[in-house]
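What follows is a short report on a single structure.
Note: hydrogens, waters and symmetry copies are ignored here, and every other heavy atom, side chains too, is used. Chain naming here is simple, since letters A, B, ... match the order of the sequence lines and numbering starts at 1 in each.
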2 protein chains.
Amino acid sequence: MSANSRLTVAVHVLTWMVLDRREGHEVATSERIAGSVNTNPVVIRRCLGDLRKAGLVEARRGTGAGWVVTRDPESITLLDVYEALDAGGLFGMHNAQPNQSCPVGSGIQPTLRQVYDGLEDAMRKQLAGTTIADVLRDVLARQRE
Amino acid sequence: MSANSRLTVAVHVLTWMVLDRREGHEVATSERIAGSVNTNPVVIRRCLGDLRKAGLVEARRGTGAGWVVTRDPESITLLDVYEALDAGGLFGMHNAQPNQSCPVGSGIQPTLRQVYDGLEDAMRKQLAGTTIADVLRDVLARQRE
DNA sequence: CTCCTTGTAACTCGTAAGGTTACGTCCCAC
DNA sequence: GTGGGACGTAACCTTACGAGTTACAAGGAG
């Protein structure tokens with residue numbers, strides 16, 4: 001488990017909720033979602049908590065409580081999901097401050113910051129090109145094969 | 001320290017070595033490099049070990065031992081460096097296999113694999129657009145400011 | 001009031017990176 | 001052929017974080 005699966009789980013959750021809604025269910029509970037992702041309901045609730053802060057889902061309480069997707073799946077891009085998870089950047093800087101009396105040590109961080117910003121941009125553009133609706137279509141298409 | 005700084009350190013090391021060579025030093029020792037990065041020499045040797053496997057640097061032994069960059073800095077792209085570190089992918093799949101009797105659970109992984117491959121490609125193209133020589137130029141330009 | 005589910009705290013576990021110490025290995029210089 | 005400096009790597013510790021789990025307060029429809 002080197003990389004983290006948070007984006008994978010979040011996309012899975014949203015895709016599942018959209019399909020579940022289409023099949024007539026009013027709300028989705030963290031327990032049922034966990035049954036598809038194959039994990040603990042609390043893990044799902046934590047994930048849904050992030051998505052809720054970003055306004056992608058809403059929680060209902062009381063009897064018949066559960067979660068609903070609040071936006072059109074055609075309008076939810078994977079970039080929206082990625083940003084909802086506020087993951088740290090792809091690459092980090094030095095743990096300790098490099099030697100400031102060395103030309104490289106003192107100048108490398110702004111230079112790399114620029115490079116890493118470019119990477120982040122490229123990745124965001126890619127993520128913005130796919131929506132939850134796209135994912136669901138693709139998943140269902142594979143199902144028919 | 002959320003993200004890992006391995007790429008940052010590797011680029012720092014190579015850039016420093018190129019500058020050091022220009023200043024007339026035959027070889028660079030892990031101890032001197034560590035002085036610029038501000039870390040332990042063993043951390044640097046581990047990093048250089050990865051770069052050596054990729055053919056970017058070479059180690060000399062015996063008296064006057066140390067490291068030398070073996071390729072023209074104009075030809076070493078950050079993608080070369082990134083690949084030398086064989087870091088895991090950006091995003092990981094589920095830790096446990098999702099529910100295969102669920103349409104989403106059974107189809108989501110190939111779909112996401114495709115998306116993640118696209119991300120990786122975009123990132124690689126960006127990394128390939130910058131060389132160690134570019135980084136050194138940029139670092140030195142900031143120095144003059 | 002009752003019951004179901006959310007929302008969150010608190011804990012454990014596994015993994016990975018970074019830092020450190022230690023030591024065997026290599027090979028030039030003398 | 002021996003000494004010494006630096007590589008190369010094993011071993012261990014610490015820190016960080018995601019994931020999984022248990023437990024429980026809070027909310028609200030019926």
Side-chain angles (χ1 to χ4, degrees), chain A residues 1-10 12-13 17 20 25-35 37-53 57-70 82 85-98, chain B residues 1-10 12-13 17 20 25-35 37-53 57-68 70 85-98:
Chain A
M1 192 221 324
S2 74
N4 62 329
S5 59
R6 287 173 62 201
L7 183 61
T8 295
V9 170
H12 186 150
V13 166
M17 288 174 77
D20 188 58
H25 295 93
E26 270 295 320
V27 298
T29 65
S30 59
E31 194 175 350
R32 283 200 303 133
I33 302 174
V37 179
N38 188 20
T39 183
N40 191 291
V42 174
V43 174
I44 300 298
R45 290 207 287 271
R46 281 202 284 243
C47 172
L48 284 165
D50 286 337
L51 300 178
R52 180 167 49 98
K53 282 173 202 152
V57 301
E58 225 175 63
R60 294 191 184 156
R61 310 201 53 164
T63 305
W67 303 83
V68 289
V69 177
T70 56
Y82 173 75
L85 305 180
D86 58 279
L90 301 176
F91 301 107
M93 286 298 164
H94 309 66
N95 290 342
Q97 191 186 41
Chain B
M1 190 221 324
S2 75
N4 61 329
S5 60
R6 287 173 62 200
L7 183 61
T8 294
V9 171
H12 185 149
V13 166
M17 288 174 77
D20 188 58
H25 295 92
E26 270 295 319
V27 299
T29 65
S30 58
E31 194 175 350
R32 284 200 302 133
I33 302 174
V37 179
N38 189 20
T39 183
N40 191 288
V42 175
V43 174
I44 300 298
R45 289 208 286 271
R46 282 201 282 242
C47 172
L48 284 165
D50 285 338
L51 300 178
R52 180 166 48 94
K53 283 173 202 153
V57 301
E58 223 174 65
R60 295 192 184 154
R61 310 202 56 164
T63 305
W67 302 82
V68 289
T70 56
L85 305 180
D86 59 279
L90 301 175
F91 300 107
M93 287 297 164
H94 309 69
N95 290 341
Q97 190 187 40

Exercise for the section: May I have the distance from Asp86(A) (atom CG) to dC17(D) (atom P), rounded to whole angstrom? Expected result: 12 Å
Practice task
Please state how far atom CD in Glu26(A) lies from atom P in dG30(D), giving the value in whole angstrom units.
Solution key: 12 Å
Can you check nucleotides 28-30 of chain C for protein contacts, nitrogen or oxygen pairs under 3.5 Å, and list what you find?
residue : atom : partner  : partner atom : Å
dC28(C) : O2   : Thr63(B) : OG1          : 2.4

Fill in the blank from the handout: Note: contacts of residues 41-50 of chain B with DNA chain C (heavy atom, under 4.0 Å) are Val42(B), Val43(B), Arg45(B), Arg46(B)
Practice task
Side-chain contact test, heavy atoms from C-beta onward, threshold under 4.5 Å: evaluate it for His94(A) versus Asn38(B) and give yes or no.
Solution key: no
Completion exercise
Rounded to whole Å, CD of Gln97(A) lies from P of dG19(C) at a distance of 14 Å
Handout entry: Counterpart residues, salt bridge (charged side-chain N to carboxylate O under 4.0 Å, His left out), relative to Arg60(B) (two or more places apart)
Key = Glu26(B)
Problem - Phosphate OP1/OP2 of dT9(D) contacted by Arg52(B) side-chain N/O (<4.0 Å) - result: yes
Exercise for the section: Name the closest nucleotide to the Thr39(B) side chain, picking from dG18(D), dA17(C), dG19(C). Expected result: dG19(C)
Handout entry: Length of the CH2-C1' vector between Trp67(B) and dC26(C), whole Å
Key = 13 Å
Exercise for the section: List in chain and number order the residues that pass side chain to side chain contact (heavy atoms under 4.5 Å, CB included) with Glu58(B), two or more places apart in sequence or in another chain; answer none if no residue qualifies. Expected result: Val68(B), Thr70(B)
Handout entry: Closest-nucleotide ordering on DNA chain D, the 5'-leading residue of Ala59(B) and Asn40(A)
Key = Ala59(B)
Exercise for the section: With sequence neighbours left out, write down each residue that passes side chain to side chain contact (heavy atoms under 4.5 Å, CB included) with Ala59(A), or none if nothing qualifies. Expected result: Arg52(A), Trp67(A)
Practice task
Supply the atom-to-atom distance Leu7(B) CG to Leu90(A) CG, rounded to the nearest 0.5 angstrom.
Solution key: 10.5 Å
Problem - Between dG8(D) (P) and Glu31(B) (CD): distance, integer Å - result: 15 Å
Problem - Heavy-atom side-chain contact between Asp86(A) and Lys53(A) under 4.5 Å - result: no
Problem - With sequence neighbours excluded, residues passing salt bridge (charged side-chain N to carboxylate O under 4.0 Å, His left out) with Arg6(A) - result: Asp50(A)
Problem - Atom-pair distance (CG on Asn4(A); C1' on dA17(C)), nearest Å - result: 15 Å
Handout entry: Atom pair distance, as rounded to whole Å: CG in Asn95(B) and C1' in dT21(D)
Key = 15 Å
Practice task
Take atom CG of Leu85(A) and atom P of dG18(D), then tell me their distance rounded to the nearest Å.
Solution key: 10 Å
Practice task
Please check the phosphate of dG28(D) (OP1 and OP2 only) for any side-chain N or O of Arg60(A) closer than 4.0 Å.
Solution key: no
Practice task
State whether Ser5(A) places a side-chain N or O below 4.0 Å from either non-bridging phosphate oxygen (OP1 or OP2) of dG18(D).
Solution key: no
Exercise for the section: Mind checking side-chain hydrogen bond (donor to acceptor under 3.5 Å, both in side chains) for Thr29(A) and listing every partner two or more places apart, or none if nothing turns up? Expected result: none
Return all side-chain donor-acceptor pairs below 3.5 angstrom for residues 39-48 of chain B, not counting sequence neighbours, or 'none' if the list is empty.
residue  : atom : partner  : partner atom : Å
Asn40(B) : OD1  : Val42(B) : N            : 2.9
Arg45(B) : NH1  : Ser30(B) : OG           : 3.1

